[in-house]
Chemist: 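Quick one: structure below, then a few questions.
Just so you know, these numbers come straight off a predicted model, no measurement behind them.
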Amino acid sequence: MHSIDEIKRLAGRAAVEKEVKNNQVLGIGSGSTIVYAIQKLAERVKEEKLNIVCIPTSFQGRQLILHNGLPLSGLGTHPELDLAIDGADEVDANLNLIKGSGGCMTQEKIVACNAKRFIIVADYSKDSKNLGDSWQKGIPIEVIPMAYVPVRRSLSQMFGGVVELRMAYRKTGPVVTDNGNYVLDWKFDQVREWKEVNTAIKMIPGVVETGLFINMAERVYFGREDGSVTVRKRPSK
């Protein structure tokens, strides 16, 4: 039996081994599995003399890039990326994602949308038939601070479920994102047409971005309990 950390390590390393090529601009996401992906990337850069540039989606990503001695840049200098690699909180059968448990979904979505290809690395617990099957903490929604009460009210009226303001741990008050905003977690009560829901939520005044990543991921590398890594591609429409 492999530990969850070993499973994450195998998934992260497999994705970097297979997907990263020389002379690429890479988007680097957030999360525990990404740590192992970055370690593998640093090994390949050293061993193969790869010429790459890394664009982080978060403070964590930036620190990982610097700690591993990788070239750091930003979208201002490199607005078009070859590949973005990130984690996910849950992945459904169509490769729709819930992301944002770390509060970085806005930056993550910006980077992913400017990449030619978007790849996810995850352990088996993130693999679901439908969003919400295993992830019970809701869909994160970044909101302007002054609007969190009206947005929470609108979400409840439109879609039901429970909407909670995410509170900080070991700090009094709400979580504040890198952008200076708050995060609402919408615990939905049924499976929906997520593309339509995502669009409707983003139209609510005060909403900055959602943690729904719809039709964005090209493939997911899942680390399995037996130590294998499986790759799932997005179904053709």
Side-chain angles (χ1 to χ4, degrees), residues 11-12 14-15 18-20 24-31 33-34 37 55 57-58 61 75 79-143 155 158-159 161 183-204 207-223 229-237:
K18 183 71 174 178
E19 303 291 346
V20 174
Q24 285 187 325
V25 179
L26 303 174
I28 303 298
S30 310
T33 310
I34 291 297
I55 314 296
T57 65
S58 66
L75 290 173
E80 184 175 320
L81 291 74
D82 297 292
L83 175 70
I85 302 177
D86 209 340
D89 299 314
E90 190 169 34
V91 183
D92 77 5
N94 294 313
L95 265 58
N96 296 316
L97 317 172
I98 294 178
K99 290 176 52 55
S101 60
C104 303
M105 55 279 185
T106 299
Q107 300 97 296
E108 290 169 347
K109 193 173 286 189
I110 291 169
V111 169
C113 283
N114 285 283
K116 296 174 184 175
R117 302 177 61 226
F118 180 41
I119 304 298
I120 295 296
V121 292
D123 66 80
Y124 64 90
S125 70
K126 311 300 176 60
D127 186 6
S128 296
K129 181 180 178 181
N130 300 299
L131 296 183
D133 284 354
S134 60
W135 182 253
Q136 305 296 320
K137 297 181 180 180
I139 296 170
I141 300 166
E142 184 166 350
V143 298
L155 279 168
M158 293 167 67
F159 302 114
V183 177
L184 295 176
D185 290 303
W186 171 43
K187 299 179 180 179
F188 52 92
D189 53 5
Q190 64 187 64
V191 176
R192 299 174 183 272
E193 175 48 61
W194 293 117
K195 183 177 180 180
E196 296 176 3
V197 169
N198 185 56
T199 299
I201 294 174
K202 291 186 68 172
M203 291 301 293
I204 301 173
V207 170
V208 176
E209 191 51 85
T210 80
L212 284 166
F213 284 54
I214 309 301
N215 296 327
M216 292 179 63
E218 176 183 307
R219 62 186 65 182
V220 180
Y221 284 73
F222 284 114
V229 177
T230 59
V231 182
R232 185 189 302 160
K233 298 180 181 179
R234 188 169 69 212
S236 300
K237 297 296 184 181

Chemist: Between A84 and V111, which heavy-atom pair has the shortest distance, and what is it?
Modeler: CB-CG1, 4.3 Å
Chemist: For K187, which residues count as a salt bridge (Lys or Arg N to Asp or Glu O under 4.0 Å) partner, sequence neighbours excluded?
Modeler: E164
Chemist: Would you please name every residue forming a side-chain hydrogen bond (donor to acceptor under 3.5 Å, both in side chains) with R232, sequence neighbours left out?
Modeler: D127
Chemist: Between K99 and E108, is the closest basic N to carboxylate O distance under 4.0 Å?
Modeler: yes
Chemist: For A15, which residues count as a side chain to side chain contact (heavy atoms under 4.5 Å, CB included) partner, sequence neighbours excluded?
Modeler: V121, Y221
Chemist: Looking at CG of D86 and CZ of F213, how far apart are the two atoms once the value is rounded to the nearest 0.5 Å?
Modeler: 7.0 Å
Chemist: Identify the heavy atoms of I98 and P140 that sit nearest to each other, and give their distance.
Modeler: CG2-CD, 4.0 Å
Chemist: My understanding is that only residues two or more places apart in sequence, or in another chain, count here; which of them pass salt bridge (Lys or Arg N to Asp or Glu O under 4.0 Å) with D89?
Modeler: none
Chemist: The test is side-chain contact (heavy atoms from CB on, under 4.5 Å); show your working for I141 and V207 and say whether it passes.
Modeler: CA-CA 7 Å; I141 300 166; V207 170; 3.9 Å; yes
Chemist: Give, for atom CH2 of W186 and atom OG1 of T210, the distance between the pair rounded to the nearest 0.5 Å.
Modeler: 10.0 Å
Chemist: With side-chain contact (heavy atoms from CB on, under 4.5 Å) as the test, would you mind laying out the steps for V143 and V208 before giving the verdict?
Modeler: CA-CA 5 Å; V143 298; V208 176; 5.7 Å; no
Chemist: Applying side-chain contact (heavy atoms from CB on, under 4.5 Å), run through I201 and L155 and close with a yes or a no.
Modeler: CA-CA 7 Å; I201 294 174; L155 279 168; 3.8 Å; yes
Chemist: Any heavy-atom pair between the side chains of V231 and V220 that's under 4.5 Å?
Modeler: no
Chemist: Could you grab the distance from atom CG of L83 to atom CD of Q24, nearest 0.5 Å is fine?
Modeler: 5.5 Å
Chemist: Can you name the side-chain hydrogen bond (donor to acceptor under 3.5 Å, both in side chains) partners of T57, sequence neighbours left out?
Modeler: S30
Chemist: Ignoring hydrogens and geometry, is there a side-chain-to-backbone donor-acceptor pair from R234 to N215 under 3.5 Å?
Modeler: yes
Chemist: Got a second to check how far L97's CG is from K109's NZ, nearest 0.5 Å?
Modeler: 9.5 Å
Chemist: Using the side chain to side chain contact (heavy atoms under 4.5 Å, CB included) criterion, which residues pair with D92? Sequence neighbours excluded.
Modeler: N94, N96, L131
Chemist: Mind listing the closest non-hydrogen atom pair of G12 and T33 along with its distance?
Modeler: N-CG2, 4.1 Å
Chemist: Under the rule for side chain to side chain contact (heavy atoms under 4.5 Å, CB included), what residues qualify as partners of D133, not counting sequence neighbours?
Modeler: E90, S128, K129, N130
Chemist: Atom OG in S58, atom CE in M105: separation rounded to 0.5 Å?
Modeler: 12.5 Å
Chemist: Going through the checks in order, is the side-chain contact (heavy atoms from CB on, under 4.5 Å) test met by K126 and D123?
Modeler: CA-CA 6 Å; K126 311 300 176 60; D123 66 80; 3.8 Å; yes
Chemist: Nearest heavy-atom pair of I120 and A217: which atoms, and what distance?
Modeler: CG1-CB, 4.0 Å
Chemist: If you take all heavy atoms of I139 and G211, which pair is closest and at what distance?
Modeler: CG2-N, 4.1 Å
Chemist: Looking at CD of Q190 and CZ of F159, how far apart are the two atoms once the value is rounded to the nearest 0.5 Å?
Modeler: 10.5 Å
Chemist: Could you pull out all residues at least two apart from F222 that satisfy ring pair (Phe, Tyr, Trp, His ring centres under 6.0 Å)?
Modeler: none
Chemist: Applying ring pair (Phe, Tyr, Trp, His ring centres under 6.0 Å), can you list everything that pairs with W135, at least two apart in sequence or on another chain?
Modeler: none
Chemist: Can you name the residues that form a salt bridge (Lys or Arg N to Asp or Glu O under 4.0 Å) with E193, not counting sequence neighbours?
Modeler: none
Chemist: Could you pull out all residues at least two apart from I110 that satisfy side chain to side chain contact (heavy atoms under 4.5 Å, CB included)?
Modeler: L75, T106, N114
Chemist: Taking only residues two or more places apart in sequence or in another chain, which ones pass salt bridge (Lys or Arg N to Asp or Glu O under 4.0 Å) with K202?
Modeler: E209
Chemist: Let me see the working for E218 and R117 under salt bridge (charged side-chain N to carboxylate O under 4.0 Å, His left out), right down to the final yes or no.
Modeler: CA-CA 7 Å; E218 176 183 307; R117 302 177 61 226; 2.9 Å; yes
Chemist: Ring centres of W194 and F188 under 6.0 Å apart?
Modeler: yes
